[in-house]
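Data first, discussion second: the structure below is written as structure tokens.
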There are 2 protein chains.
Amino acid sequence: MTAKQKPRYQQLKDHIITRISSGELRPTDRVPSENELVASMSVSRMTANRALRELTDEGYVERIAGRGTFVSDFRSRSHVLEVHNIADEIERRGGVHSCEVVRNSRQHARGEIARALHVDQGVEVFHLLLVHCEDGTPIQVEDRHVVADFAPECGDQDFHAVTPSAYLTAISPLQEAEQVVRAQQPNAAVRARLQMAEHEPCLVVIRRTWSRGRPVTFARLHHPGSCYELTGHYAPPGTPKSTPADVVQLENLQR
Amino acid sequence: MTAKQKPRYQQLKDHIITRISSGELRPTDRVPSENELVASMSVSRMTANRALRELTDEGYVERIAGRGTFVSDFRSRSHVLEVHNIADEIERRGGVHSCEVVRNSRQHARGEIARALHVDQGVEVFHLLLVHCEDGTPIQVEDRHVVADFAPECGDQDFHAVTPSAYLTAISPLQEAEQVVRAQQPNAAVRARLQMAEHEPCLVVIRRTWSRGRPVTFARLHHPGSCYELTGHYAPPGTPKSTPADVVQLENLQR
DNA sequence: TGGACTAGCCTGTATATACAACTTGGCAGG
DNA sequence: CCTGCCAAGTTGTATATACAGGCTAGTCCA
């Protein structure tokens, strides 16, 4: 029983995806043109066109008529990975982002962290603890573990300038994410860092992110319930952009 | 300054989408085959193929080689609309769903409700208040308003058997959704209905849903923080399915 | 020197054609 | 009556070809 042969355009897509996720082709790099693929891969231009067009739809590449095809900057890939960076999020709504780095240390993974990151007990990971502020008000505690051999320079980064999320994205495209959202009372340490009133709840996002087929980082993000919300808009592909004014109106609906 | 002519395949897509969202073509209905489109729309088969293939990718239709093309059952459209139905969600994890209908009344929209639903003050809406339980434990308070002329039979429905979400989906495909998630302390009424301890936070989902181009329903969903989470998995199109066992492991990560 | 033009590459679309694989229904033979 | 087979319709893929339109670099001319 031999495996069924994949169609030619799919082989082409796989080939290019492999070159991207291996790091051989990096964001903004030029991808072979349709005619180059015709020559090098022995396909017709329509087949090359289909492969590249579908990669565009899936967010891997961007195409500019007259110039060529280029690997996407993955920051704008998915709805979620897009909102992954709190600094961008704050800036987008006109606030000023600042952050305090409480901890940036190298540790040995234990227990749940090792399991979440699919590494053995004792493997080295970085442990980051940051407090992000919008206009000086604390808005997120980021408690993150990063597999050390994925980001060996992590300990030397200045996370005031570039958030961990932006840094990790720059190393290699983050391709898959899994998250859990819950409402929870914070422990005393988190409450103090977020300057929260007693009994005020936290919105907690627990997120694990994959790159090149393995989990590379695991983050627990605490936000004060009184001043943070997750928003989302879901429309079929091809729908005109949403009306931001309307969204704001909805957000102000308090009881 | 004339508007730029849309490409032929896009006109074809628009034509079919119009027939679907107008209700002329309903879920499971057969869509004209490629050859029929060639004849009726004067395009080549490759162009018809591209239109139908993209509609497949976008979730509007499903295609079966040898049989034909059929309008999708929209329940499985988007990541979010899929999880829209709490009864399915409970059933999927092996629980038993039950629910208490606290209120199902016809009202006149006022203030924020009218604005959220894009209707004038005084227009008739249904107001639903339900408590959903998993294995007898209250897990969600659903406080929903529905535009009356979208679902005129709403008042006669038995929402023990079919949740509002399933009912509304059956009337017409829900095509767009907008939601806000926050952590909040419940008021006394909600806390009592969910049998929550004092100071226990709620995970609140506020969701507005569109059909045929206008908002038709607006819901406030309160969940007890101690026993409810939103989960999500985000992967590029074409990635093999996630590993559920792993997700469970992550969810159990408590502190 | 500077500006206009053009050749050459690129993507985007459209068509005609071909073959493969799948599904269904009907028909012929047992 | 049942079984097996085949024909017709459908989707899925692949190719060759054509033309339109965007972009760039280099050339030519004033």
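Numbered from 1 within each chain, the chains take letters A, B, ... in sequence-line order.
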Exercise. Find the distance I64(B):CD1 to dC22(C):P and express it as a whole number of Å.
Key: 14 Å
Practice problem: May I have all residue pairs that pass salt bridge (Lys or Arg N to Asp or Glu O under 4.0 Å) and include part of residues 6-22 of chain B, sequence neighbours excluded? | Solution: K6(B)-D14(B), K13(B)-E54(B), K13(B)-E58(B), R19(B)-E24(B)
Quiz item: R67(B) or R67(A): which one's nearest nucleotide on DNA chain D is closer to the 5' end?
Solution: R67(B)
Exercise. Kindly state each residue pair satisfying salt bridge (Lys or Arg N to Asp or Glu O under 4.0 Å) with at least one member in residues 37-47 of chain B, sequence neighbours excluded.
Key: E34(B)-R45(B)
Quiz item: Hey, does the Lys NZ or Arg CZ of R208(A) hover above the aromatic six-ring of F218(A), less than 6.0 Å from the centre and inside 45° of the axis?
Solution: no
Self-check item: d(CG, N35(B); P, dA18(C)) in whole Å
Solution: 14 Å
Quiz item: Residues in salt bridge (charged side-chain N to carboxylate O under 4.0 Å, His left out) with R30(B), at least two apart?
Solution: E36(B)
Practice problem: Tell me, please, which residues at least two apart from H97(B) pass side-chain hydrogen bond (donor to acceptor under 3.5 Å, both in side chains). | Solution: H132(B)
Quiz item: side-chain hydrogen bond (donor to acceptor under 3.5 Å, both in side chains) with S211(A): which residues, sequence neighbours excluded?
Solution: S172(A)
Quiz item: Considering residues at least two apart in sequence or located in another chain, which fulfil the ring-ring contact (aromatic ring centres under 6.0 Å, His included) criterion with F150(B)?
Solution: none
Quiz item: Quick one: E34(A) CD to dT17(D) C1', roughly how many Å, whole number?
Solution: 14 Å
Quiz prompt | Partners meeting side-chain hydrogen bond (donor to acceptor under 3.5 Å, both in side chains) with S33(B) (sequence neighbours left out) | solution = none
Quiz item: Quick one: is R63(A) getting a side-chain N or O under 4.0 Å of the dT11(C) phosphate, OP1 or OP2?
Solution: yes
Exercise. Please check the phosphate of dG9(D) (OP1 and OP2 only) for any side-chain N or O of S33(B) closer than 4.0 Å.
Key: no
Practice problem: Would you give a per-nucleotide map of nucleotides 3-8 of chain D, 5' to 3', where B means the base has a protein non-hydrogen atom under 4.0 Å away, S means only the sugar-phosphate does, and - means neither? | Solution: ------
Quiz item: For DNA chain D, which residues in residues 8-16 of chain A have a heavy atom at a distance below 4.0 Å?
Solution: R8(A), Y9(A)
Practice problem: Please work out which residues in residues 42-55 of chain B have a non-hydrogen atom less than 4.0 Å from an atom of DNA chain D and list them by number. | Solution: R45(B), M46(B), N49(B)
Quiz item: Whole Å only: how far is the NZ atom of K6(B) from the C1' atom of dA14(C)?
Solution: 18 Å
Quiz item: What orientation do H118(B) and W210(B) show, parallel under 30°, tilted 30 to 60°, or perpendicular over 60°?
Solution: perpendicular
Quiz item: Tell me the salt bridge (Lys or Arg N to Asp or Glu O under 4.0 Å) pairs involving residues 145-172 of chain B, sequence neighbours left out?
Solution: D149(B)-R214(B)
Quiz prompt | Residue list, ring-ring contact (aromatic ring centres under 6.0 Å, His included) with Y167(B), at least two apart or on another chain | solution = F159(B)
Quiz item: Please give, in whole Å, the distance from dG21(D) C1' to Q5(B) CD?
Solution: 15 Å
Quiz item: Could you give the CD-to-C1' distance, from E36(A) to dG8(C), as a whole number of Å?
Solution: 14 Å
Practice problem: Write down the distance between CD (E62(B)) and P (dG12(D)), rounded to a whole number of angstrom. | Solution: 12 Å
